[in-house]
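Remember, it's 1-based here, ligands and their atoms both numbered in the order they're listed.
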Amino acid sequence: MKKILRKNVVLNRAASRKVIGAVCLTGIMIFTLTGCSRKPDMIQRVDTAMGTMIQETLYVTDRNSTVQDAVLECINSLEAERLSWRLDTSELYRVNQSAFTDNSEMVPISHDLWSNLAACMEIAGASNGAFDVTIGEVTRLWNLDTWSVLEDKSNFELPSSEQLQEMLQNTGYEKIQLEEDKISLRDEVQLDLGAVGKGIALDEIKQLLEQQKEVTGAVVSVGGSILTYGQKPDGSSWKVRIVNPNDTASHLGTLSLNGQWCVSTSGDYERYVEVDGVRYHHIIDPATGYPADSGVRGVTILTKDGLLSDALSTACFVLGIEDGMKLAGQYGAEALFVDKQGEIRMTEGMEQYFHLSNEAK
Ligand code: AMP
Ligand code: MG
């Protein structure tokens with residue numbers, strides 16, 4: 001009996017040691033887990049870059065993170081080194097200059113610029129030239145990039161139709177000859193990557209965020225193009241509001257998205273001048289040289305690729321609803337159009353993300 005009791009006691013001691021061990025271990029685990037899952041800090045920042053407003057909301061596990069500076073730096077160097085047609089430091093500037101010198105020569109370009117241009121060429125073909133980055137001579141004639149700083153938007157001298165016709169001679173994506181990491185431009189073609197620059201920036205920012213392990217979630221807006229990345233600390237979806245083109249102070253609705261999307265919007269309200277009561281906006285129909293008049297006032301595209309979403313928003317604006325829907329479908333992109341009457345049309349897939357706002361109901 002005694003023996004049995006002792007054995008029990010011994011057994012109980014062993015068991016209690018295990019229990020104490022387990023409790024300690026759990027304590028360490030809980031402590032460690034709590035340490036890991038401390039609520040991420042939110043960083044918000046508003047800047048201007050690429051001639052537009054940049055808004056960053058980032059969730060980070062390291063409160064000393066400087067990722068917000070890295071994002072801005074990424075946009076600025078993309079502009080200065082690759083995409084700007086104005087800055088003589090950029091590759092695009094150098095390519096454009098080559099059209100005025102010996103344009104029978106293939107000019108070497110970086111692999112990044114080459115792959116951006118190859119994607120643009122593909123979309124130009126698929127959109128039947130509605131999206132065309134060789135529009136540079138025409139967009140310069142319209143002085144599009146000065147419009148946002150014009151004091152008086154009605155005191156603007158319109159280009160003449162003769163001037164436009166002349167400049168249209170130097171457009172057409174078939175005038176670009178592209179070989180891997182090389183390019184040549186025929187005639188005096190000038191490239192303008194304004195329709196895809198913001199989207200390319202989103203692709204670059206996404207790559208940067210993927211390398212920053214302290215970033216758990218982010219929403220970054222570069223002008224009209226928005227990247228959702230990772231998760232919000234409370235697990236809820238990212239909300240992206242869509243401006244009502246017929247009343248830009250209000251919102252048409254909201255997209256509820258998880259962290260993997262690029263959202264681009266092209267609208268006639270984003271940049272325009274108004275001469276004699278007529279609005280001239282910044283999205284040009286390459287067939288006429290004049291602002292596109294397809295009946296669309298705004299189009300929003302949702303894809304996982306920034307360049308694609310940005311190119312498609314411009315292309316679909318020019319093409320109008322019917323052809324735009326087809327083009328978006330061809331790329332598996334979701335699209336939402338608003339026409340001049342305020343009617344909304346969207347792809348079936350867009351319906352699961354879009355929620356009409358109460359004011360627009
Ligand atoms: P987005 O706001 O993305 O639609 O881009 C408009 C900008 O792209 C303009 O400011 C021009 O620089 C350029 N652009 C205008 N029309 C076209 C077009 N049809 N194809 C390509 N780029 C264009
Ligand atoms: Mg665009």
Side-chain angles (χ1 to χ4, degrees), residues 50-53 79 83-86 92 96 116-117 119-150 159 164 167-168 170-173 175-176 189-203 221-227 243 245 262-273 280-294 296-303 305-320 323-324 327-328 331 333 335-338:
M50 266 190 172
T52 190
M53 192 197 281
E79 168 83 337
L83 302 181
S84 172
W85 66 265
R86 270 192 183 281
L92 193 79
N96 279 343
N116 293 157
L117 289 172
C120 290
M121 289 288 273
E122 215 236 54
I123 301 161
S127 68
N128 233 338
F131 164 82
D132 189 339
V133 294
T134 64
I135 196 103
E137 289 272 54
V138 176
T139 55
R140 256 159 256 181
L141 199 54
W142 281 100
N143 260 319
L144 296 181
D145 59 339
T146 63
W147 290 3
S148 48
V149 290
L150 272 185
L164 283 171
M167 291 308 163
L168 279 174
N170 288 333
T171 65
Y173 65 95
K175 294 184 177 176
I176 300 181
V189 160
Q190 294 293 284
L191 304 180
D192 174 345
L193 293 181
V196 283
K198 297 183 276 294
I200 295 171
L202 298 189
D203 291 331
S221 162
V222 182
S225 290
I226 294 158
L227 168 75
V243 171
C262 294
V263 186
S264 289
T265 297
S266 290
D268 66 1
Y269 54 89
E270 289 178 320
R271 228 184 312 154
Y272 60 89
V273 287
Y280 298 86
H281 61 78
H282 72 306
I283 305 164
I284 306 295
D285 183 348
T288 64
Y290 281 93
D293 188 17
S294 62
V296 172
R297 294 217 55 197
V299 51
T300 297
I301 300 285
L302 192 57
T303 66
D305 181 285
L307 182 150
L308 183 63
S309 70
D310 205 357
L312 287 181
S313 71
T314 309
C316 289
F317 188 100
V318 176
L319 286 173
D323 290 344
L327 182 69
Y331 282 96
L336 182 147
F337 292 81
V338 188

query: For V318 and S127, what are the C-alpha separation, side-chain angles and deciding distance, and is it a side chain to side chain contact (heavy atoms under 4.5 Å, CB included)?
result: CA-CA 9 Å; V318 176; S127 68; over 6 Å; no
- request: Determine the sole option in F317, Y272, Y290, Y269 for which the ring pair (Phe, Tyr, Trp, His ring centres under 6.0 Å) test with H281 is passed.
  value: F317
task: Starting from the C-alpha separation in whole Å, work towards a yes-or-no answer on side chain to side chain contact (heavy atoms under 4.5 Å, CB included) for L117 and L191.
output: CA-CA 10 Å; L117 289 172; L191 304 180; 4.2 Å; yes
field: Residue, atom name and distance, where the atom is the protein heavy atom closest to atom 12 (O) of ligand 1
entry: D192 OD2, 2.8 Å
- request: Working to the nearest 0.5 Å, report the span between CG of D203 and CG of D305.
  value: 4.5 Å
query: Atoms of ligand 1 less than 4.0 Å from R271 heavy atoms?
result: 10 (O)
query: Which residue holds the protein heavy atom closest to atom 2 (O) of ligand 1, what is that atom called, and what is the gap in Å?
result: H282 NE2, 3.0 Å
field: Residue S266 vicinity, atoms of ligand 1 by number, heavy atom under 4.0 Å
entry: 1 (P), 3 (O), 4 (O)
field: Nearest heavy-atom neighbours spanning D145 and R271
entry: CA-NH1, 3.6 Å
message: Using the rule given for side chain to side chain contact (heavy atoms under 4.5 Å, CB included), can you reason through L92 versus N96, listing the C-alpha separation, both sets of side-chain angles and the distance that settles it, and then say yes or no?
response: CA-CA 6 Å; L92 193 79; N96 279 343; 4.2 Å; yes
query: For ligand 1, which atoms, with element, lie under 4.0 Å from some heavy atom of D310?
result: 3 (O)
D132 and T134 side chains, donor-acceptor separation under 3.5 Å: yes
query: Counting only N and O atoms by type, is there a donor-acceptor contact under 3.5 Å from the side chain of W147 to the main-chain atoms of W142?
result: yes
field: Atoms in ligand 1 with a heavy atom of P286 nearer than 4.0 Å
entry: 19 (N)
task: Check each atom of ligand 1 against the heavy atoms of L144 and keep those under 4.0 Å away; list them by number with element.
output: 9 (C), 10 (O), 11 (C)
query: Any N/O/S atom, backbone or side chain, of A195 lying under 2.8 Å from the Mg ion (ligand 2)?
result: yes
field: Interfacing atoms of ligand 1 (cut-off 4.0 Å, heavy-atom, A130)
entry: 18 (C), 19 (N), 20 (N)
field: Heavy-atom nearest option to atom 14 (N) of ligand 1, drawn from L319, I135, V318
entry: I135
query: What protein heavy atom is closest to atom 21 (C) of ligand 1, reported as residue, atom name and distance in Å?
result: D132 O, 3.3 Å
task: Assess S264: does it contribute an N, O or S atom lying under 2.8 Å from the Mg ion (ligand 2)?
output: no
- prompt: Which atom pair, heavy atoms only, marks the closest approach of I200 to L307?
  reply: CG1-CD1, 3.6 Å
query: Are side-chain N/O atoms of S313 and T265 paired as donor and acceptor at under 3.5 Å?
result: no
- prompt: Should you measure from each heavy atom of T314, which atoms of ligand 1 turn up under 4.0 Å away?
  reply: 1 (P), 3 (O), 4 (O), 5 (O), 17 (C), 18 (C)
field: Which residue and heavy atom of the protein sit nearest atom 8 (O) of ligand 1, plus the separation
entry: A195 N, 3.1 Å
- line: min-distance protein heavy atom vs atom 19 (N) of ligand 1 -> I284 O, 2.7 Å
